[in-house]
Amino acid sequence: MIWELFNGVEKGFELSGDTDVAFLSELRAKKARLDRGLRVGSWGQLMEWKVEKDRPDDLHRHLSHLVGLYPSYSIASYPEGGAIPGLTKSELLKAAAKSLKYRGWEKVWRAACWAQLGDGEKFYSVLKYAVKTNFGHNLFSLYDPQASNPIFQIDANLGLPGVMMNALLQAPDTSSYDSPLVITILPALPKAWSASGSVRGARVRGGIGVSFAWRDGRPYDLVLRFDRMRAYKSREVRVVYNDKVVDSFVGVAGMVRKVGI
């Protein structure tokens with residue numbers, strides 16, 4: 001998270017109008033020294049700590065070390081060639097899936113992570129379980145529905161729209177504007193939702209609105225609308241469906257792009 005914070009400051013420095021280049025230089029130097037914190041442990045898990053403390057039988061553990069998978073990007077947009085010597089993206093995602101299997105009581109976050117990994121059925125199973133066991137009729141998150149004061153935390157309430165959208169549309173951030181923004185359509189659509197549906201005006205980073213519909217699990221009428229911003233930074237965009245790039249272009253302010261699938 002610290003690496004991503006430093007990286008975000010560096011990315012946004014030019015557009016922010018800040019002129020403190022000495023601060024930027026210092027930040028870049030410190031960022032270069034930071035440990036990315038991404039390691040695969042002895043039983044194939046993504047390690048939470050620098051030292052081996054994870055146990056496969058310790059199921060009541062949080063998912064804080066998977067924040068780079070969802071909702072952030074250091075894992076989700078890890079470069080194919082590997083930003084860390086000896087660690088590929090496929091190895092990193094496999095380790096994240098291993099950690100998901102053996103730990104985590106945060107049901108909504110777990111569902112979002114399975115969606116990020118493209119597993120629609122595991123996403124849906126965890127989501128249904130969360131709604132059944134930990135949601136009230138008003139959608140408040142409950143720890144123990146039988147308790148006199150069962151309301152637990154707001155994370156699940158706020159997370160529910162995000163996790164559902166993450167199964168339908170993904171566009172994780174990238175470490176650099178030079179890297180293409182990858183917009184994935186229906187990355188984890190469960191069979192229960194596959195008959196038909198639509199998304200209208202969903203927002204993804206980069207000032208882009210996305211609309212599409214689907215029938216029998218296949219999307220159609222996909223339209224991307226780019227905001228009209230004077231300071232808009234054009235960048236390469238790739239649209240992915242079913243693990244294939246279906247469109248690739250440079251997005252600019254005010255563009256309307258219709259994508260055939």
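Treat the numbers as computed from the prediction; the structure is a model and nothing was measured.
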Enquirer: Quick one: do L224 and L169 end up in the same hydrophobic cluster if we chain Ile, Leu, Val, Met, Phe, Trp and Tyr together by side-chain heavy atoms under 4.5 Å apart?
Expert: yes
Enquirer: Looking only at non-hydrogen atoms, find the nearest pair between Q116 and P172 and report the distance.
Expert: NE2-CG, 4.2 Å
Enquirer: Looking only at atom types and distance, does a side-chain atom of S211 sit under 3.5 Å from a main-chain N or O of V223, one as donor and one as acceptor?
Expert: no
Enquirer: For the CZ atom of F6 and the CG atom of L34, what is their distance to the nearest 0.5 Å?
Expert: 5.5 Å
Enquirer: Indicate yes or no: at least one non-hydrogen side-chain atom of L117 is less than 4.5 angstrom from one of K122.
Expert: no
Enquirer: Linking I/L/V/M/F/W/Y whenever any side-chain heavy atoms sit under 4.5 Å apart, do V210 and V182 land together?
Expert: no
Enquirer: Check whether M47 and L100 end up in the same hydrophobic cluster, where Ile, Leu, Val, Met, Phe, Trp and Tyr are linked by side-chain heavy atoms less than 4.5 Å apart.
Expert: no
Enquirer: Is there a side-chain contact between K107 and T133 (heavy atoms, below 4.5 Å)?
Expert: yes
Enquirer: Looking at G41, is its backbone amide N or carbonyl O close enough to the side chain of K98 to form a donor-acceptor pair, meaning the two atoms are under 3.5 Å apart?
Expert: no
Enquirer: Are V9 and F23 side-chain neighbours, meaning at least one heavy-atom pair lies under 4.5 Å?
Expert: yes
Enquirer: Tell me which donor-acceptor pairs under 3.5 Å the side chains of residues 245-261 have, and how far apart each pair is, sequence neighbours excluded?
Expert:
residue, atom, partner, partner atom, Å
D247, OD1, R257, NH2, 3.0
D247, OD2, R257, NE, 2.9
D247, OD2, R257, NH2, 3.4
S248, OG, E236, OE2, 3.4

Enquirer: Taking atom NZ of K31 as the centre, report whether more than 12 heavy atoms of other residues, nucleotides or ligands fall under 6.0 Å from it.
Expert: yes
Enquirer: Enumerate donor-acceptor pairs with a distance under 3.5 Å from any side-chain N or O in residues 184-199 to protein atoms, sequence neighbours excluded.
Expert:
residue, atom, partner, partner atom, Å
S194, OG, K191, O, 2.8

Enquirer: Any donor and acceptor pair, going by atom type alone, linking the side chain of N242 with main-chain N or O of K244 inside 3.5 Å?
Expert: no
Enquirer: The test is side-chain contact (heavy atoms from CB on, under 4.5 Å); show your working for D54 and W49 and say whether it passes.
Expert: CA-CA 8 Å; D54 308 285; W49 299 276; 3.8 Å; yes
Enquirer: Within a 6.0 Å radius of atom CD1 on I2, are there more than 12 heavy atoms belonging to other residues, nucleotides or ligands?
Expert: no
Enquirer: Kindly determine whether V67 and I75 satisfy side-chain contact (heavy atoms from CB on, under 4.5 Å), including the steps that lead there.
Expert: CA-CA 8 Å; V67 68; I75 297 175; over 6 Å; no
Enquirer: How far apart are the closest heavy atoms of W114 and A97, and which atoms are they?
Expert: CH2-O, 3.9 Å
Enquirer: Treating K132 as the side-chain partner and L127 as the backbone partner, does any N or O pair qualify as donor plus acceptor under 3.5 Å?
Expert: no
Enquirer: Between L5 and L27, is there a shared hydrophobic cluster once you connect ILVMFWY residues whose side-chain heavy atoms come closer than 4.5 Å?
Expert: yes
Enquirer: How about R39 and K50: do any of their side-chain heavy atoms sit closer than 4.5 Å?
Expert: yes
Enquirer: If hydrophobic clusters are built from ILVMFWY residues whose side chains come within less than 4.5 Å, do L92 and I84 share one?
Expert: yes
Enquirer: Evaluate the criterion salt bridge (Lys or Arg N to Asp or Glu O under 4.0 Å) for residue pair D216 and R218; output intermediate values, then yes/no.
Expert: CA-CA 6 Å; D216 297 328; R218 186 174 181 83; over 6 Å; no
Enquirer: Is there a side-chain contact between L38 and Y78 in this structure, where contact means two heavy atoms from C-beta onward sitting under 4.5 Å apart?
Expert: yes
Enquirer: Checking the side chain of S16 only, and the main-chain atoms of F13 only, is there a donor and an acceptor separated by less than 3.5 Å?
Expert: yes
Enquirer: Tell me the closest heavy-atom pair linking A130 and F135, and the distance in Å.
Expert: O-CD1, 3.2 Å
Enquirer: Looking at every non-hydrogen atom in both residues, tell me the closest pair between S175 and W3 and how far apart they are.
Expert: CB-CH2, 3.8 Å
Enquirer: With a 4.5 Å cut-off on side-chain heavy atoms, are I208 and I183 touching?
Expert: yes
Enquirer: Take F226 and V237 through the side-chain contact (heavy atoms from CB on, under 4.5 Å) test and state the conclusion after the steps.
Expert: CA-CA 11 Å; F226 291 72; V237 176; 4.2 Å; yes
Enquirer: How far apart are the closest heavy atoms of S99 and H65, and which atoms are they?
Expert: OG-NE2, 3.6 Å
Enquirer: Are the side chain of D173 and the backbone of Y73 linked by a donor-acceptor contact shorter than 3.5 Å?
Expert: no
Enquirer: For a quick test of reading the model, state the closest non-hydrogen atom pair linking A115 to Q170 and the distance between them.
Expert: O-NE2, 2.8 Å
Enquirer: Decide salt bridge (Lys or Arg N to Asp or Glu O under 4.0 Å) for E10 and R28; before the verdict, give the C-alpha distance in whole Å, the side-chain angles of both, and the deciding distance to 0.1 Å.
Expert: CA-CA 7 Å; E10 183 180 4; R28 284 172 170 165; 3.0 Å; yes
Enquirer: What distance separates F123 CZ from M164 CE, expressed to the nearest 0.5 Å?
Expert: 6.5 Å
Enquirer: Which of these passes side chain to side chain contact (heavy atoms under 4.5 Å, CB included) with C113: V126, L69, D119?
Expert: L69
Enquirer: Would you check if F212 and D221 make a side-chain contact, meaning some heavy-atom pair closer than 4.5 Å?
Expert: no
Enquirer: Step through the shown structure and confirm whether more than 12 heavy atoms of other residues, nucleotides or ligands are within 6.0 Å of NZ on K94.
Expert: no
Enquirer: Is there side-chain contact between Q45 and E52, with heavy atoms separated by less than 4.5 Å?
Expert: yes
Enquirer: Should the heavy atoms of other residues, nucleotides or ligands under 6.0 Å from CD of E14 be counted, would the total exceed 12?
Expert: no
Enquirer: Once you round to the nearest 0.5 Å, how far does CZ of R33 lie from CG of D35?
Expert: 12.5 Å
Enquirer: How long is the span from the CZ atom in R235 to the CZ atom in R238, to the nearest 0.5 Å?
Expert: 11.0 Å
Enquirer: For the CG atom on D243, are there more than 12 heavy atoms of other groups (residues, nucleotides or ligands in this structure) within a distance under 6.0 Å?
Expert: no
